[in-house]
Amino acid sequence: MATASVPTSAAPAASGPTAFSYFDLDDEAKARGLFRVLAEDGRAAVSEADLARFDAALCRSIYEGMLRIRVTDARMMALQRQGRTGFYGEATGQEAAVVGSASASLPDDWIVPALREAGVGLYRGLTLDSYIAQILGNGGDVTKGRQLPCHPCDREHHYVVMSSCVSTQVPHAVGIAMAMKIMGHRDRCAFGFMGDGGTSEPDVHVALNFAGVMKSPVVLICQNNQWAISTPTSVQCAAETIALKALGYGIEPLRVDGNDALAVHAAVGYAAAKARRGDGPTFIELLTYRVSAHSSSDDPSRYRDEKITDVWKSERDPMRRMRALGERQGWLAVGEHEAWSAQLEADVRDAITRQEAVPPPALATIIDDVYEQPTWNLREQLAELLAGPRAVSPHQH
Ligand SMILES: Cc1ncc(C[n+]2csc(CCOP(=O)(O)OP(=O)(O)O)c2C)c(N)n1
Ligand SMILES: [Mg+2]
């Protein structure tokens with residue numbers, strides 16, 4: 001084993017190569033094309049010289065971030081099945097899209113996620129303990145148990161809480177970017193994520209219009225995982241590609257193999273650098289596949305052919321592609337994948353043990369944060385609650 005411990009991912013590597021010929025195509029060709037750095041077997045889809053521009057430290061950091069999501073998601077789903085948390089939505093199979101994007105962000109940027117980007121937060125420094133506290137809604141949860149699981153936030157690392165209402169977050173990302181521009185904050189940008197289904201929502205069109213007109217420093221990223229719960233993209237999008245929609249708003253579109261972490265890193269790095277220079281927004285479609293269920297409440301075998309899913313789980317798996325590259329190039333030693341997985345698994349289990357021991361938020365917090373001083377009727381209702389039989393949460397027994 002070449003490395004004894006998991007490398008830190010707190011400081012995202014942001015210097016990515018961007019000078020690939022794909023970026024010189026005209027906008028329509030970019031929106032109809034599919035940018036790739038790696039073929040599915042982990043071999044170069046670009047010249048070996050171009051591939052060499054991704055250094056080993058960056059590749060290792062991306063791989064570790066992807067592995068962390070895969071291990072964490074599997075444990076959290078098990079926790080949900082055991083009734084220890086109420087809900088979970090995995091990003092399994094989408095790790096390249098998530099971490100390839102995160103690794104192109106800088107600490108001063110702001111991340112406005114959709115459902116499957118918790119790994120961006122984790123990559124930027126959201127701790128496992130805080131993530132799990134928020135999933136359990138315990139007394140250590142920064143949102144005091146008021147959010148659904150899988151809606152994490154982390155102010156310190158500029159990771160905004162996700163909105164359950166699909167796509168309402170996209171205008172927020174554009175608004176943050178507009179504020180950055182108005183306040184003269186150069187060298188930073190906002191990332192706004194959405195799903196393929198999310199692009200059917202009016203909010204996305206409002207956001208794209210403002211971003212285009214105001215030349216906001218925003219990177220809009222659509223994880224096209226080809227499903228919106230049980231609705232396939234093909235029955236809710238008449239455009240040939242989702243990226244083409246950006247053209248109508250005067251925004252540069254990119255379309256990228258979302259299971260190719262290096263292509264995602266390069267494309268998002270290109271868009272972020274452009275935004276930080278003051279050259280406006282980019283819309284990026286990342287083509288991937290939701291190999292998991294929509295959430296712990298869903299059974300996809302009832303509405304889709306899981307034989308197709310199996311192909312995405314095996315030969316199109318984004319981790320397999322990076323691992324093949326790492327073993328070929330030598331930045332991933334033989335046995336290191338197993339050692340990292342075991343270490344990450346232990347980290348997650350330890351954090352679960354610590355967080356399950358934390359009691360729920362005190363009942364009195366129920367009236368916090370609405371008024372500077374709680375009103376008389378809220379105080380009266382709280383007193384009544386505390387005097388009653390439910391003064392102790394059932395979860396404490
Ligand atoms: C405004 C709104 N409509 C419907 C829903 C129910 N809903 C939750 S997730 C989802 C599908 C989202 O699909 P997509 O945007 O592709 O994201 P994915 O789940 O595939 O990551 C829907 C319809 C919702 N939460 N909000
Ligand atoms: Mg989707």
Side-chain angles (χ1 to χ4, degrees), residues 66 69-70 72-73 76-77 80 86-102 111-122 146-152 159-174 191-208 220-239 241-246 255-259 264 283-306 308-309 312-313 316 318:
M66 292 169 69
I69 299 173
R70 185 146 303 184
T72 306
D73 278 359
M76 292 301 127
M77 271 305 291
Q80 195 280 337
F87 171 87
Y88 200 75
E90 298 169 79
T92 306
Q94 297 180 217
E95 296 92 344
V98 174
V99 181
S101 301
I111 311 298
V112 188
L115 177 57
R116 300 186 203 277
E117 284 83 26
V120 177
L122 292 169
R146 294 172 188 174
Q147 260 295 8
L148 266 166
C150 292
H151 292 53
Y159 187 82
V160 178
V161 72
M162 164 222 165
S163 165
S164 288
C165 302
V166 168
S167 288
T168 51
Q169 78 281 2
V170 190
H172 300 165
V174 174
F191 286 51
F193 287 90
M194 71 206 82
D196 48 293
T199 63
S200 302
E201 285 290 332
D203 283 346
V204 167
H205 303 278
V206 171
L208 285 169
L220 296 164
I221 302 175
C222 173
Q223 284 209 57
N224 177 5
N225 64 9
Q226 306 187 45
W227 290 92
I229 312 187
S230 55
T231 306
T233 314
S234 55
V235 308
Q236 68 168 315
C237 176
T241 73
I242 293 176
L244 277 166
K245 295 186 185 188
R255 189 161 179 267
V256 179
D257 182 337
N259 281 14
V264 176
F283 180 94
I284 309 177
E285 175 186 348
L286 301 178
L287 187 66
T288 179
Y289 199 81
R290 198 199 72 210
V291 299
S292 63
H294 170 72
S295 73
S296 51
S297 317
D298 175 45
D299 173 8
S301 68
R302 299 188 51 177
Y303 55 77
R304 71 180 184 187
D305 180 356
E306 292 292 44
I308 296 171
T309 311
W312 285 87
K313 269 188 179 165
R316 295 194 184 150

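Every heavy atom of this structure was used, including side-chain atoms; hydrogens, water molecules and symmetry mates were not. Order of listing sets the numbers, starting from 1, for every ligand and every atom in it.
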Just say parallel, tilted or perpendicular for the rings of Tyr289 and Trp312, cut-offs at 30° and 60°.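 Parallel, since the angle between the ring planes stays under 30°.
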Rounded distance [0.5 Å steps], OG in Ser167 versus NE2 in His205: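 That separation rounds to 8.5 Å.
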I need the Gln94 CD to Arg290 CZ distance, nearest 0.5 Å.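 So the gap between those two atoms works out to 8.5 Å.
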Using a 4.0 Å heavy-atom threshold (strictly under), name the region of Ser167 that reaches ligand 1: side chain, backbone, both or neither.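 Neither; no heavy atom under 4.0 Å.
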Taking heavy atoms and a distance under 4.0 Å, where does His294 meet ligand 1: side chain, backbone, both or neither?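 For His294, the contact with ligand 1 is made by the side chain alone.
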Mind checking how many protein N/O/S atoms fall short of 2.8 Å from the Mg ion (ligand 2)?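 Protein heteroatoms (N, O, S) closer than 2.8 Å to the Mg ion (ligand 2) number 3.
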Give the atoms of ligand 1, by number and element, whose distance to some non-hydrogen atom of [X] is under 4.0 Å.
X      : result
Ala228 : 11 (C), 13 (O), 16 (O)
Asn225 : 18 (P), 20 (O), 21 (O)
Cys165 : 26 (N)

Is atom 22 (C) of ligand 1 near the protein, in the sense that some protein heavy atom lies at less than 4.0 Å from it?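 Yes; the ligand atom in question has protein heavy-atom contact below 4.0 Å.
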Look at [atom] and say which protein heavy atom is nearest, naming residue and atom and giving the distance to 0.1 Å.
atom                    : result
atom 17 (O) of ligand 1 : Gly195 CA, 3.8 Å
atom 14 (P) of ligand 1 : Gly197 N, 3.5 Å
atom 19 (O) of ligand 1 : Arg116 NH2, 2.8 Å
atom 25 (N) of ligand 1 : Ser164 O, 2.8 Å
atom 3 (N) of ligand 1  : Glu201 OE2, 4.1 Å
atom 8 (C) of ligand 1  : Val166 CG2, 3.9 Å
atom 15 (O) of ligand 1 : Gly198 N, 2.8 Å
atom 6 (C) of ligand 1  : Ile229 CD1, 4.5 Å

Step by step, work out the side-chain contact (heavy atoms from CB on, under 4.5 Å) result for Val170 and Val204. CA-CA 6 Å; Val170 190; Val204 167; 4.0 Å; yes
Heavy-atom pair with the smallest gap, counting every atom of [X] and [Y]:
X      : Y      : value
Tyr88  : Cys150 : CD1-SG, 3.3 Å
Pro300 : Glu306 : CG-OE2, 3.4 Å
Ala173 : Phe191 : CB-O, 4.1 Å
Glu117 : Gln223 : OE2-NE2, 2.8 Å

Looking only at N/O atoms, are Leu115 and ligand 1 under 3.5 Å apart anywhere?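 No: no nitrogen or oxygen of Leu115 is under 3.5 Å from one in ligand 1.
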Would you check if there is a donor-acceptor pair between the side chains of Asn225 and Thr288 at a distance under 3.5 Å?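 Side chains of Thr288 and Asn225: no pair found under 3.5 Å.
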Polar contact flag, side-chain donor to acceptor under 3.5 angstrom, Thr231-Gln236: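 On atom types as modelled, these side chains do not qualify, holding no pair under 3.5 Å.
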Does ligand 1 have any atom that is closer than 4.0 Å to a heavy atom of Arg290?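 So Arg290 does not count as touching ligand 1.
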